[in-house]
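Here the structure is laid out as structure tokens; the discussion comes afterwards.
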Protein chains: 2
Amino acid sequence: MNSKKVYKSCLDNCPLAYALNIIDGKWRLPIIWALNKNKIMRYNELKRDIDGITNMMLTQTSKELESYGIIDRKQYMEIPPRVEYSLTESGQDLIVALKELANWGKNMQSNDKLSDMG
Amino acid sequence: MNSKKVYKSCLDNCPLAYALNIIDGKWRLPIIWALNKNKIMRYNELKRDIDGITNMMLTQTSKELESYGIIDRKQYMEIPPRVEYSLTESGQDLIVALKELANWGKNMQSNDKLSDMG
DNA sequence: CAGTATCCGAGTCGATACTG
DNA sequence: CAGTATCGACTCGGATACTG
């Protein structure tokens, strides 16, 4: 067991580990989120929208998400090049599940604030 | 922006980032999961249950989860020492949200298998 | 426009040994 | 029993420069 995340050690039998592995990575959610809002985006649109991301990271992360079946990449054979990214159906289903987690997070945050005020 | 996870940069305003930050870490889910199954566990019970965890990591991670309000730590002033860990209510709510994500993961996994078979 | 290539730093985790 | 302390390794991501 040398991998950083334990869930990589049980990818085959644990669906939660599998899911978390897919969304794990600094830029994955930002990309997923941007595509959820704007539906279809070109490479440089994504880059402008996601604050601080480099070409390196955008290319790498979008490839990874594509390989997982989360996002779709359509390349048009034109000059200048045009590539459009969007969420797949699986990607859209993911959003639904994440909103549950976001809800829980929101409750946690407001509890924090209450206890801060003592 | 120097932190590894981008969600650390928006902890204040993004509930999803906040939630993911809490479950991020190699041993957090294993601990949460073990406590969800067994309800109340002592230190060495956890250690035996979670394959490969060291004292270092168990102590550190349980402290972190306690500080987030996910788990409860009860120390009994006895000799030999006894410490019991359990999930808080928030921790139990977290399980519910994670099950949604696990469900999504399960669908993803079975889609993978189908496409493997061609 | 939409990417690649290379090199490097920071943070996380593991191994091992020790303690009230 | 229930922890601490120290140090090193590995991986992820950042910065910068280049390309079809």
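Note that these values count all heavy atoms, side chains included, but never hydrogens, waters or copies made by symmetry. Labels below follow one simple rule: chain letters A, B, ... track the order of the sequence lines, proteins then strands, and each chain is numbered from 1.
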Exercise for the section: Could you check which of C/dA17, C/dA2, D/dA5 has an atom nearest any side-chain atom of A/Arg42? Expected result: C/dA2

Problem - Integer-rounded Å distance: C/dA2 C1' and A/Glu84 CD - result: 13 Å

Exercise for the section: Report yes or no: does B/Arg28 contribute a side-chain atom to a donor-acceptor pair with the main-chain N or O of B/Ile22 at less than 3.5 Å? Expected result: yes

Handout entry: Rounded interatomic separation in angstrom, taking CH2 from B/Trp27 and P from C/dG11
Key = 22 Å

Exercise for the section: Could you tell me the separation between the CD atom of A/Glu64 and the C1' atom of C/dT4, rounded to a whole number of Å? Expected result: 15 Å

Practice task
Go through C/dA5, D/dT4, D/dG14 for me and flag the one nearest to the B/Lys63 side chain.
Solution key: D/dT4

Practice task
For A/Pro81 and for A/Met57, locate the closest nucleotide of DNA chain D by heavy-atom distance; then report the residue assigned to the nucleotide nearer the 5' terminus.
Solution key: A/Met57

Completion exercise
Between CE of A/Met56 and P of C/dG9 the distance, given in whole Å, is 16 Å

Handout entry: B/Asn38 (side chain) donor-acceptor with B/Ala34 (main chain) under 3.5 angstrom
Key = yes

Practice task
Without swapping roles, check the side chain of B/Trp104 against the backbone of A/Ser90 for a donor-acceptor pair under 3.5 Å.
Solution key: yes

Fill in the blank from the handout: Rounded to whole Å, NZ of B/Lys47 lies from P of C/dG14 at a distance of 13 Å

Completion exercise
Across every strand shown, the nucleotide meeting Watson-Crick or G-U wobble geometry with C/dC13 (both distances under 3.5 Å) is D/dG8

Exercise for the section: State whether A/Lys47 and A/Glu45 are salt-bridged, where the test is any N-O pair (Lys NZ or Arg NE/NH1/NH2 against Asp/Glu carboxylate O) under 4.0 Å. Expected result: no

Practice task
Could you check how far CG of A/Leu46 sits from C1' of C/dG3, rounded to whole Å?
Solution key: 13 Å

Problem - Minimum side-chain heavy-atom gap A/Tyr68-A/Asn21 below 4.5 Å - result: yes

Handout entry: Within residues 71-80 of chain B: residues closer than 4.0 Å to DNA chain D (heavy atoms)
Key = B/Arg73, B/Pro80

Practice task
Check every atom of C/dG3, D/dG14, C/dT4 against the side chain of A/Tyr85 and return the nucleotide holding the closest atom.
Solution key: C/dG3

Practice task
Evaluate the criterion side-chain contact (heavy atoms from CB on, under 4.5 Å) for residue pair A/Ile31 and A/Leu58; output intermediate values, then yes/no.
Solution key: CA-CA 8 Å; A/Ile31 291 176; A/Leu58 178 50; 3.8 Å; yes

Completion exercise
Taking a pair to mean Watson-Crick or G-U wobble geometry with both distances below 3.5 Å, D/dG20 pairs with C/dC1

Exercise for the section: Just compare D/dG3, D/dG13, D/dT16 and give me whichever is closest to any side-chain atom of A/Thr54. Expected result: D/dT16

Fill in the blank from the handout: note: B/Gln60, atom CD; C/dG11, atom C1'; distance rounded to Å ~ 11 Å

Exercise for the section: In whole angstrom, give the distance that lies between atom CG of A/Asn55 and atom P of D/dC18. Expected result: 14 Å

Handout entry: Donor on one side chain, acceptor on other, B/Tyr43 and B/Glu84, under 3.5 Å
Key = no

Handout entry: Among C/dC1, C/dG3, D/dG3, the one nearest A/Tyr43 by side-chain distance
Key = C/dG3

